[in-house]
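Side chains are part of it too, since the values below use all heavy atoms of this structure and drop only hydrogens, waters and symmetry mates. In what follows, residues are counted from 1 in the order of the sequence shown.
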Amino acid sequence: MIIVANGLLIAFLALLTLPVTVLMLEVLCAFVPRRPAGMPDMGRPRVAVLVPAHNESAGIASTLGSVGAQLRKSDRMIVIADNCSDDTAQVAAACGAEVVERNEPTVRGKGHALSRGVRYLEQGQPGDHPEVVVVIDADCSIADGVLDRISRLTALTGRPVQCLYLMEAPDSAGPAGAIAEFAWIIKNKVRPLGAHNAGFPCQLMGTGMSLPWLAMRSLGLANGQIVEDLKMGLDLARAGLPALFSPETVVVSRFAGSVEGARMQRIRWEHGHLAMIFGEAASLFLEGIAKRRANLIMLALDLSVPPLALLAFLIATLVVLSALNALLGVSNVPFYGAGVLAAAFVVAISLSWWRFARQTVRISSLPYLIAYFVGKLPIYFQFLVRRQKLWVRTKRDGD
């Protein structure tokens, strides 16, 4: 019995070694200096910007303003007013967008909205079709020059391009909001930047995405995934079009201000991420091995890193169990290994903060990391007993 328990601890140690190693390597590679890729003197392709929107009338004008300022005469801006019960469509039209209304209350989700947008773009003559499609969420704003750079990069490489997608916490969130921003920076900036510096692709993040028109048409967008961006990126990578990361271009959104809204956001993101790990990581890795495609292998390894709070909890659990194992005189090996993993995790988080988030999170706020991690544990327990499978809109401020 003791031998079995020790074997399980060693297996647990081996299982956690993979994501911690991937995290550490991505963080270290993010420190490698790399000059922004130069853009050749080329014409800009015809761009269609798709903005899926469900009851976003309160903030969509700001989003469309940031997009509209970067459009050229040949470009189009299409808002898919998806199952809206407010005046999103009217506000979007007043902002100069083409509006497509979709009313299918039993079929919900961003993927279905994007599918409707693609079908709308397919109308007309082939010469009217865009060369590049850009997806921007209705609650985001894009920095100057974003559309020009990512559309030209997509046209140049024939591959999807992902902007740096950041989230800001409302001022009322305090230190807890700063910690949430920090965790987002690690996930959406540090790790993809590390992969980018090492010459590997990134995951798609749902907004600030530029895709070739023909690739966009070929995707099975109308699916029930609550993290349709991850699924889209993996499907494109399997088809030979892994996404490029563009850290020089920035799209920004905000965390929900209400407690309930923030909880809904986290459940959707975390449950969707975990479902993709269990459903896609192993098969993608094996496919990469079989086809000798390093891009697929790297994407699978990146996908295998669970949310940081869950990874911290699993490492802490391993440390406690292996310490008891050592105290009982069974074996010290799991405890030493757990100590190395815990140290590597802390170093990765510390380096990420020191290099990329010192202006976001003051050192006095770092103790809130523990509360942040502990506060997420009910979300993971809920995944085991009542996993969220359907898309649910996040409650915005003022809802």
Side-chain angles (χ1 to χ4, degrees), residues 43-104 110-155 161-163 165-166 168 205-213 216-217 221 229 246 249-254 393-394 396-399:
R44 184 167 122 177
R46 293 190 307 277
V47 175
V49 181
L50 293 183
V51 184
H54 173 65
N55 290 347
E56 297 286 359
S57 64
I60 195 171
S62 176
T63 297
L64 298 182
S66 70
V67 172
Q70 301 183 37
L71 295 177
R72 296 189 178 181
K73 188 175 181 180
S74 61
D75 298 337
R76 301 171 69 182
M77 179 169 64
I78 297 98
V79 171
I80 305 96
D82 190 53
N83 290 303
C84 293
S85 57
D86 65 359
D87 60 346
T88 293
Q90 290 76 19
V91 173
C95 292
E98 300 174 52
V99 178
V100 180
E101 295 191 61
R102 191 180 81 92
N103 296 295
E104 298 179 72
K110 181 177 170 183
H112 293 285
L114 290 176
S115 179
R116 179 68 183 89
V118 169
R119 294 201 307 273
Y120 175 76
L121 286 171
E122 287 176 332
Q123 300 171 9
Q125 300 300 316
D128 298 329
H129 296 161
E131 297 170 85
V132 172
V133 176
V134 175
V135 178
I136 303 292
D137 280 354
D139 60 345
C140 296
S141 61
I142 61 175
D144 292 342
V146 165
L147 286 187
D148 185 71
R149 182 171 180 83
I150 64 175
S151 63
R152 289 201 294 152
L153 190 54
T154 291
V161 174
Q162 173 62 60
C163 291
Y165 171 30
L166 297 176
E168 297 178 346
M205 302 173 191
T207 186
M209 308 183 299
S210 175
L211 301 95
W213 165 242
M216 190 72 174
R217 290 183 66 183
L221 294 168
D229 48 338
S246 177
T249 52
V250 182
V251 57
V252 179
S253 185
R254 292 178 68 85
R393 175 184 176 272
T394 299
R396 313 290 187 204
D397 297 348
D399 281 4

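S151 places no side-chain N or O within donor-acceptor distance of the main-chain N or O of P45, the cut-off being under 3.5 Å. Between the side chain of Q70 and the backbone N or O of L147, at least one donor-acceptor pair lies under 3.5 Å. The backbone N or O of S57 lies less than 3.5 Å from a partner atom in the side chain of D86, making a donor-acceptor pair. In terms of modelled atom types and a separation under 3.5 Å, the side chain of S253 and the main chain of D139 share a donor-acceptor contact. For Q162 (side chain) and T207 (main-chain N/O), a donor-acceptor pair under 3.5 Å exists by modelled atom type. Judged by distance alone, with hydrogens and angles left aside, the side-chain atoms of S115 form no donor-acceptor pair with the main-chain N or O of G111 at under 3.5 Å. In this structure, E168 contributes its side chain and R254 its backbone to no donor-acceptor pair below 3.5 Å.
To the nearest 0.5 angstrom, R116 atom CZ is 10.5 Å from D82 atom CG. Taking CD1 from I136 and OH from Y165, the interatomic distance works out to 10.5 Å, rounded to the nearest 0.5 Å. For the atom pair CG (N55) and CG (D87), the distance works out to 9.5 Å, reported to the nearest 0.5 Å. Distance check, rounded to the nearest 0.5 Å: CG of L64 to OG of S66 gives 7.5 Å. The CZ atom of R46 lies 14.0 Å from the NZ atom of K73; values are rounded to the nearest 0.5 Å.
Between D75 and R44, at least one side-chain nitrogen of the basic residue sits less than 4.0 Å from a carboxylate oxygen of the acidic one, meeting the salt-bridge criterion. Taking a cutoff of 4.0 Å between a charged side-chain nitrogen and a carboxylate oxygen, D148 and R72 qualify as a salt bridge.
Contact check for L121 versus L50: side-chain heavy atoms found under the 4.5 Å cut-off. By the 4.5 Å heavy-atom criterion applied to side chains, E104 and H112 are not counted as neighbours. The shortest side-chain heavy-atom distance between V47 and W213 does not fall under the 4.5 Å cut-off. For the pair S210/V132, a side-chain contact is recorded, criterion being any heavy-atom separation below 4.5 Å from C-beta on. Put simply, the side chain of C163 does not reach to within 4.5 Å of the side chain of S246, judged on heavy atoms.
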### Task
Under the salt bridge (charged side-chain N to carboxylate O under 4.0 Å, His left out) rule, what do K110 and D137 come out as? Steps first, then yes or no, please.
CA-CA 9 Å; K110 181 177 170 183; D137 280 354; 2.7 Å; yes

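With respect to H54, the side chain to side chain contact (heavy atoms under 4.5 Å, CB included) criterion is satisfied by exactly one of T88, I80, N83: N83. The side chain to side chain contact (heavy atoms under 4.5 Å, CB included) with I78 is formed by just one residue from the set V100, V51, V118, V133; it is V100.
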